[in-house]
Amino acid sequence: MGIDVPDLDDRAYDDLLERAQKLVPAYSDTWTDFNPHDPGITILELLAWLTETHTYQLDQITDAHRRKHLQLLGKRPRRSRPAEATVQFRPPASAAGTRLPAGTRLAVTDETATRHRFETERDVVLTDAEIERALTVVDGEVTDHGDGTVPSFYRPFGRTADPSATFYLGFDGNPFAGADALTLSVSYHDENLPEPGGSTAAVPPFDPSVDLAWAYRSADGDWKSLSVRVDDTEAFYRSGLIELSPAGTDAGLDGRSEPAAISTERPWVRCRVRTGGWEVPPQVAGIRPNAVTVTNTIRVDAEPLRRIEASQERGASPVLDGQRFAFEHRPVRSATITVDGIEYGEVPDFDASGPDDRHYVLDRERGEITFGDGAAGRVPPPSATVRADYVAGGGADANVSGSATWQLVDDGCAIPGAASAASIPVRSLGPATGGRDPEPIDEAFRRVRRELREPARAVTESDYRRLVATTPGLRIGRTGVWVDRPDPLVVVVPHAPADVPTPTPSEPFLEAVRSRLRERTLITDRIRVRGPEYARLECTVRGTVRPQYAESGYEAAIEDAVSTFLHPLYGDDGTGWPFGQPLSKAALVDVIEGVDAVDHVDTLSITAHGAGTTGDGTIRLDDTALFTLEAVDVTMVRGRESR
């Protein structure tokens with residue numbers, strides 16, 4: 001049952017004036033003229049008007065009230081967000097080995113001639129070596145990706161990304177010349193993937209179990225190990241920088257042979273999978289040197305803040321309580337505030353502040369801070385110098401197109417062979433994206449209402465499915481829940497592309513799900529969380545193709561049709577094969593005969609590993625299991641020849 005909200009604005013001007021006039025005889029028996037020309041009536045009219053304005057304000061809910069209400073619920077409007085872009089530098093050969101530090105400033109001018117400030121997020125070591133070849137080697141088979149940049153994407157470790165996979169990058173020169181490190185920018189392709197749960201950033205909320213081994217070979221040398229100084233990609237889980245440095249130790253072949261394509265004509269960097277475990281095989285659109293992510297932010301040190309003068313209503317004398325100061329740049333993302341060299345702490349409000357607490361309230365979007373009034377929060381001296389070290393930036397207007405003009409503007413960076421930082425060519429590898437304006441208060445309320453309707457506790461099967469699907473940072477394909485059995489069970493299938501037949505979660509992935517459920521299950525509930533178990537099928541197909549088709553060339557189409565039909569995430573209707581659903585031989589025959597080239601199936605035999613078969617050929621699964629196609633042996637003849 002809701003609470004009835006009282007109406008405080010229940011007296012209009014006419015009602016207030018009429019009531020005041022009726023009270024006059026109780027206080028004066030000589031006041032008998034109640035016409036508008038009487039000065040007393042004029043005063044009553046003025047007071048009635050003022051009273052109406054005050055009662056109107058009492059009945060209003062301002063944005064300040066709404067923000068406080070959200071704060072009591074543990075929520076707040078989403079802040080603005082800075083745009084991001086990836087840019088690549090073209091340094092002169094003499095600049096090889098130069099390290100551009102994080103925080104190097106750039107400027108970009110869009111089509112409207114508006115200039116925006118950006119800064120590099122990470123250090124980047126410049127090199128004059130370019131990538132000429134990118135090769136994937138899986139089980140001895142070599143796939144050439146050209147120079148490692150493609151219009152769509154490729155998989156550097158193949159479709160399965162298992163420990164047999166090796167990725168090679170061939171350079172036109174020594175990438176470590178004059179440098180102690182090599183910086184590679186990885187552009188992860190996630191446009192064909194859903195957004196991770198609870199977040200817009202594809203950041204795994206766990207330490208991946210993947211183990212990679214990096215090595216380097218010069219054009220006339222042996223393989224040497226490389227150590228990983230920085231890996232923003234989290235082992236190829238997302239876009240970011242990888243910084244490699246020579247470790248000095250020999251890197252053997254681990255019993256593998258180098259393919260003939262790895263010639264001694266050029267230097268190579270090698271990455272081998274020692275331990276797999278990706279839910280989605282890594283897929284990248286490009287790997288480049290001299291590239292780095294930049295964000296629409298600027299760092300400012302020791303800026304003296306400008307005092308916002310008191311309003312005229314409060315008089316001309318300095319106002320000590322509630323002093324306000326403004327930043328030069330906004331919105332403010334983070335700040336450190338000092339008053340006469342003494343650091344103050346940020347609080348959301350002064351509700352819990354004492355008279356001696358050095359606190360301030362920061363309005364990030366307006367770029368202002370407010371100090372206390374002496375009762376709640378210490379009052380700075382009137383002549384105090386307030387300084388700020390802060391980071392500012394954000395907003396949708398910095399989402400510039402890929403054709404915008406970029407320029408290095410930080411001449412504090414000494415680049416050998418360059419007249420100035422501005423003379424270094426900079427090109428964008430795409431548009432700046434992700435910039436967002438602050439969330440309006442009304443939209444914040446609508447969002448919080450939606451969130452409050454979501455289950456916060458795992459009780460029913462639908463609660464479990466919803467909570468697993470919204471695990472922050474994880475891409476969940478589907479979830480099976482069995483809570484009414486003696487050993488309650490949750491089976492998690494991670495999202496994977498359609499050509500990955502057995503989507504399997506890693507142990508850290510499962511632990512992230514367990515952690516989310518542990519916080520939300522009832523005290524007495526004990527539930528297991530694991531990945532799916534797959535029954536492996538081997539099929540032998542004998543039949544006839546239509547006369548207009550050759551006797552071969554359609555095997556891949558038949559295999560794709562069967563794989564899609566049994567896929568745990570996609571299936572024929574796009575929903576995936578249900579957990580535990582049996583498979584009849586007749587259904588599989590219908591799928592194969594649905595291939596254009598197939599006239600009819602003469603015989604179909606199925607060998608099931610991890611499942612049982614009934615007398616009529618139906619393959620039955622455990623309630624929590626799924627199918628995967630391991631192999632298909634197809635032999636067909638043309639229709640004319642079979643008759």
Side-chain angles (χ1 to χ4, degrees), residues 82-108 115-130 174-187 214 226-234 238-247 269 287-303 328-329 332-336 387-394 398 404-430 432 434:
E84 291 187 353
T86 302
V87 299
Q88 187 174 29
F89 305 106
R90 297 291 185 186
S94 56
T98 301
R99 181 180 290 270
L100 287 183
T104 298
R105 296 186 179 182
L106 298 92
V108 58
R115 193 175 174 89
H116 303 280
R117 297 179 299 271
F118 280 74
E119 286 188 354
T120 58
E121 282 193 330
R122 283 284 195 178
D123 291 5
V124 56
V125 180
L126 302 180
T127 178
D128 64 343
E130 294 289 339
N174 183 1
F176 293 98
D180 64 347
L182 169 65
T183 304
L184 297 175
S185 175
V186 178
S187 298
W214 291 85
L226 293 173
S227 62
V228 180
R229 288 184 176 178
V230 174
D231 185 5
D232 293 333
T233 71
E234 301 285 352
R238 58 170 178 161
S239 297
L241 292 187
I242 298 176
E243 185 174 311
L244 307 168
S245 63
V269 169
I287 298 179
R288 303 173 178 86
N290 302 321
V292 67
T293 300
V294 294
T295 57
N296 175 219
T297 55
I298 183 173
R299 289 170 175 79
V300 182
D301 296 327
E303 176 186 294
E328 180 180 352
H329 307 284
V332 177
R333 312 214 60 75
S334 61
T336 300
R387 296 184 181 275
D389 299 332
Y390 66 101
V391 178
T405 303
W406 291 81
Q407 184 183 47
L408 266 170
V409 296
D410 197 338
D411 283 321
C413 296
I415 303 177
S420 65
S423 67
I424 300 295
V426 182
R427 74 182 183 97
S428 171
L429 300 180

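Sequence positions, counted from 1, serve as the residue numbers for this chain.
- Summarising the geometry, atom CG belonging to Asn290 is positioned 5.5 Å from atom CG belonging to Leu126; distances are rounded to the nearest 0.5 Å.
- In terms of heavy atoms, Asp123 sits closest to Ala102 at OD1-N, 2.6 Å.
- Shown here for Val124 and Ala291, the closest heavy-atom pair between the two residues is CG2-O, 3.9 Å.
- Across all non-hydrogen atoms, the minimal contact from Leu182 to Pro175 is CD1-CB, 3.8 Å.
- Between Val125 and Ala179 the shortest heavy-atom distance is CG1-CB, 3.9 Å.
- The closest side-chain heavy-atom distance from Val292 to Val87 is below 4.5 Å.
- Here the CD atom belonging to Glu243 is positioned 9.0 Å from the CZ atom belonging to Arg122, to the nearest 0.5 angstrom.
- Between Ala398 and Ala83 the shortest heavy-atom distance is O-CB, 3.6 Å.
- The heavy-atom pair separating Ala129 from Pro289 by the smallest distance is O-CG, 3.6 Å.
- Arg238 places a side-chain N or O within 3.5 Å of a backbone atom of Asp232 that can act as its donor or acceptor partner.
- Judged purely by atom type and a 3.5 angstrom limit, Glu328 has no side-chain atom pairing as donor or acceptor with the backbone of Glu303.
- Although no hydrogens or angles enter the test, the distance criterion places no donor-acceptor pair under 3.5 Å between the side chain of Arg105 and the main chain of Ile298.
- Ring planes of Phe118 and Trp406: perpendicular class, angle over 60° (limits at 30 and 60°).
- For the pair Ser185 (side chain) and Arg288 (backbone), a donor-acceptor distance under 3.5 Å is absent.
- A donor-acceptor pair under 3.5 Å is formed between the side chain of Ser227 and the backbone N or O of Ser245.
- Here OG1 of Thr120 is found 9.5 Å from CG of Leu241. Values are rounded to the nearest 0.5 Å.
- Here OG1 of Thr98 is found 12.0 Å from CZ of Phe89. Values are rounded to the nearest 0.5 Å.
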Walk me through whether Val409 and Arg117 qualify under side-chain contact (heavy atoms from CB on, under 4.5 Å).
CA-CA 9 Å; Val409 296; Arg117 297 179 299 271; over 6 Å; no
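- The CD atom of Gln407 lies 9.5 Å from the OG atom of Ser423; values are rounded to the nearest 0.5 Å.
- A donor-acceptor pair under 3.5 Å is absent between the side-chain atoms of Asp389 and the main chain of Ala335, judged by distance alone.
- One finds the CG atom of Leu184 at 5.5 Å from the CG atom of Leu244 (value rounded to the nearest 0.5 Å).
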